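Remarks on the structure that follows.
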2 protein chains.
Amino acid sequence: MVPIGFERHDHADCVEAAIAAADARCTENGLRLTPIRRRVLEILLSRHCAIGAYDILDILKSDGVKAQPPLVYRALDFLTGHGFAHRVERLNAFVACAVPGQRHAPVLLICRTCARVAETHAEDDTALGRATRDSGFVVERAVMEAEGLCPTCQENAT
Amino acid sequence: MVPIGFERHDHADCVEAAIAAADARCTENGLRLTPIRRRVLEILLSRHCAIGAYDILDILKSDGVKAQPPLVYRALDFLTGHGFAHRVERLNAFVACAVPGQRHAPVLLICRTCARVAETHAEDDTALGRATRDSGFVVERAVMEAEGLCPTCQENAT
DNA sequence: TGTTATTCGTTATAGTATAACATATCAACT
DNA sequence: AGTTGATATGTTATACTATAACGAATAACA
Ligand SMILES: [Zn+2]
Ligand SMILES: [Zn+2]
Ligand SMILES: [Zn+2]
Ligand SMILES: [Zn+2]
C-alpha cells in the first residue's frame, strides 16, 4: 500500500476531487459544508502538510474574514468529526484526509524535514488490534503516527 | 500479549520495581536520576494514568518545592528521552513506561472513562511497518494510541 | 583545585484550546 | 409567509500547555 502525499501527483486534481467528494458526502448525509468549513478544508488541502489552527486563522484573516479562534476550532471539529480531516496529535495540527469517504483508522507519516504528511490506513491485524483482542479493551478511536524521513528527504540527505 | 495497567496487580511492587530499574539503568549508563527527576517519575508511577505537566507541578509545589514549569518539563524531557516515561500525545500528558529497559514503540490504550492508560508494544509487522516498507519512509519515532473503554469500565457500563 | 559540562532557579512569553453567551441563519412545519 | 426549534456564527475572555533565555549552583573530571 502506497501512502498518499509523498508521491508526485497532480495536486490541483487532488484538491478538486477532495472538495467534490466532501460536497457530495455532505449532501448525501445532510451535513452543511458552510463557506467557512469549506474554506478551512481548502486551506488544509492546499498542501499535504499539517497546519496549525492559528496558521489557519491567519490565512482566514488575510482573506479579510474577521475571525477568532473558536471559528477555526469549530470548523476543524466539523471536518475531523466527519472524517474530512485528521488531527495530527504529534504536532497539535491538522491535515486534510487523503482517503475521505471511508471510515478508517488513519496512519500518518510525518516527514520531519519537509513537514509533509502522508496518509495510509491500518488493516485490522495491527499491534493495536492484537493488543485489544487480547485485553478486552474496546477501541473507539485509534491514532497512529510515525515521524521520520520521507523518500525525497532521504535522497537529499545523502 | 496482555497490556500492563488495567489488570489487578500489586502496585506497590510495581512502583518499587520501576524505580529500582530506573536507578540501575541510570547507573549503568552514566545518567543522573536527580531528586527532582526521581520524584517526577514517582509521581508518574503513582497511578497508571496520564498526568499533565501542570498537575505534576502542583504536586511538587504541595511537596514544598518552589517549582516552575521548566523544572517539570526538563524532568519530563529526561524521563521520556531515556524511555522511563512516555508522552501521551492524545492528552498532552505523560505516563510512566510500563516496560522500561527495552527500546520499544509503545502502544498506549487510554480508557476514556477511568483515565487509566495501559501499555503494550508493537511488533514489527504493524500497519506502520508495512506502510513504511512499501513507501520508503523511514520511521524514527512511532506513536500508537487507542482511546476507548477498558474491560472494567465496559462491565460497569452495562 | 581549577575547568568544563550539566542541571537548576527564575522571569517572561509563546502557542494551543475552550467556556460562555449573544446573535444570526437555516429547515421544517402551520 | 410566519412561527419555531435547531444549528451555526460572532465575540470576549480565559484556561491550559510549552519554551526561550540567562544566570547561579552543582557535579564530573583532569
Ligand atoms: Zn495532493
Ligand atoms: Zn484519512
Ligand atoms: Zn502498577
Ligand atoms: Zn514504554
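Below, read A as the first sequence line, B as the second, and so on, with proteins coming before strands; counting in each chain starts at 1. Treat the numbers as computed from the prediction; the structure is a model and nothing was measured.
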Original post:
If you round to the nearest 0.5 Å, how far is CD1 of A:Ile59 from OG of A:Ser46?
Top reply: 6.0 Å
Ignoring the backbone of [X], work out which of [options] is nearest its side chain.
X	options	answer
A:Tyr73	C:dT7, C:dT10, C:dT16	C:dT16
B:Pro70	D:dT9, D:dA18, D:dT19	D:dT19
B:Arg32	C:dA19, C:dT10, D:dA28	D:dA28
B:Arg87	C:dA17, C:dT11, D:dA18	D:dA18
A:Arg37	D:dA18, D:dT9, C:dT16	D:dT9

Original post:
DNA chain C: A:Ala53 or A:Arg74, which has the more 5' nearest nucleotide?
Top reply: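 So the residue in question is A:Ala53.
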Original post:
Hey, which of these two, B:Asn92 or B:Leu71, hits DNA chain C nearer its 5' end, going by closest nucleotide?
Top reply: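 Residue closer to the 5' terminus by nearest nucleotide: B:Leu71.
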Original post:
Is the closest basic N to carboxylate O distance between B:Glu28 and B:Arg25 below 4.0 Å?
Top reply: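 No, B:Glu28 and B:Arg25 are not salt-bridged.
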Quick one: [X] [atom1] to [N] [atom2], roughly how many Å, whole number?
X	N	atom1	atom2	answer
B:Leu31	D:dA28	CG	P	12 Å
A:Leu91	D:dT19	CG	C1'	16 Å
B:Leu60	C:dC8	CG	P	12 Å
A:Lys61	D:dG10	NZ	P	13 Å
B:Leu57	D:dC16	CG	P	13 Å
A:His82	D:dT7	NE2	P	11 Å
B:Asp58	D:dA15	CG	C1'	13 Å
A:Leu79	D:dA8	CG	C1'	14 Å

**OP:** List the steps and the verdict of salt bridge (charged side-chain N to carboxylate O under 4.0 Å, His left out) for A:Glu89 and A:Arg141.
**Re:** CA-CA 13 Å; A:Glu89 302 289 349; A:Arg141 183 168 181 276; 3.6 Å; yes
**OP:** Give a yes/no answer on whether the side chain of A:Lys66 brings an N or O atom under 4.0 Å of OP1 or OP2 in D:dG10.
**Re:**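 It does not, given that no N or O in the side chain of A:Lys66 lies less than 4.0 Å from OP1 or OP2 of D:dG10.
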Subject >> Along DNA chain D (nearest heavy atom to each residue), the more 5'-positioned of B:Phe94 and A:Ile36 >> reply: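 The answer here is A:Ile36.
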Original post:
Would you find a donor on one side and an acceptor on the other, under 3.5 Å apart, between the side chain of B:Asp63 and the backbone of B:Val65?
Top reply: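 No, because the side chain of B:Asp63 does not come within donor-acceptor range (under 3.5 Å) of the backbone of B:Val65.
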Original post:
Are A:Leu108 and A:Val143 close enough, and set up right, to give a side chain to side chain contact (heavy atoms under 4.5 Å, CB included), and what steps lead you there?
Top reply: CA-CA 9 Å; A:Leu108 302 178; A:Val143 172; over 6 Å; no
Original post:
Counting only distance, no hydrogens or angles, is the base of D:dA18 paired donor-acceptor with the side chain of B:Tyr54 under 3.5 Å?
Top reply: yes
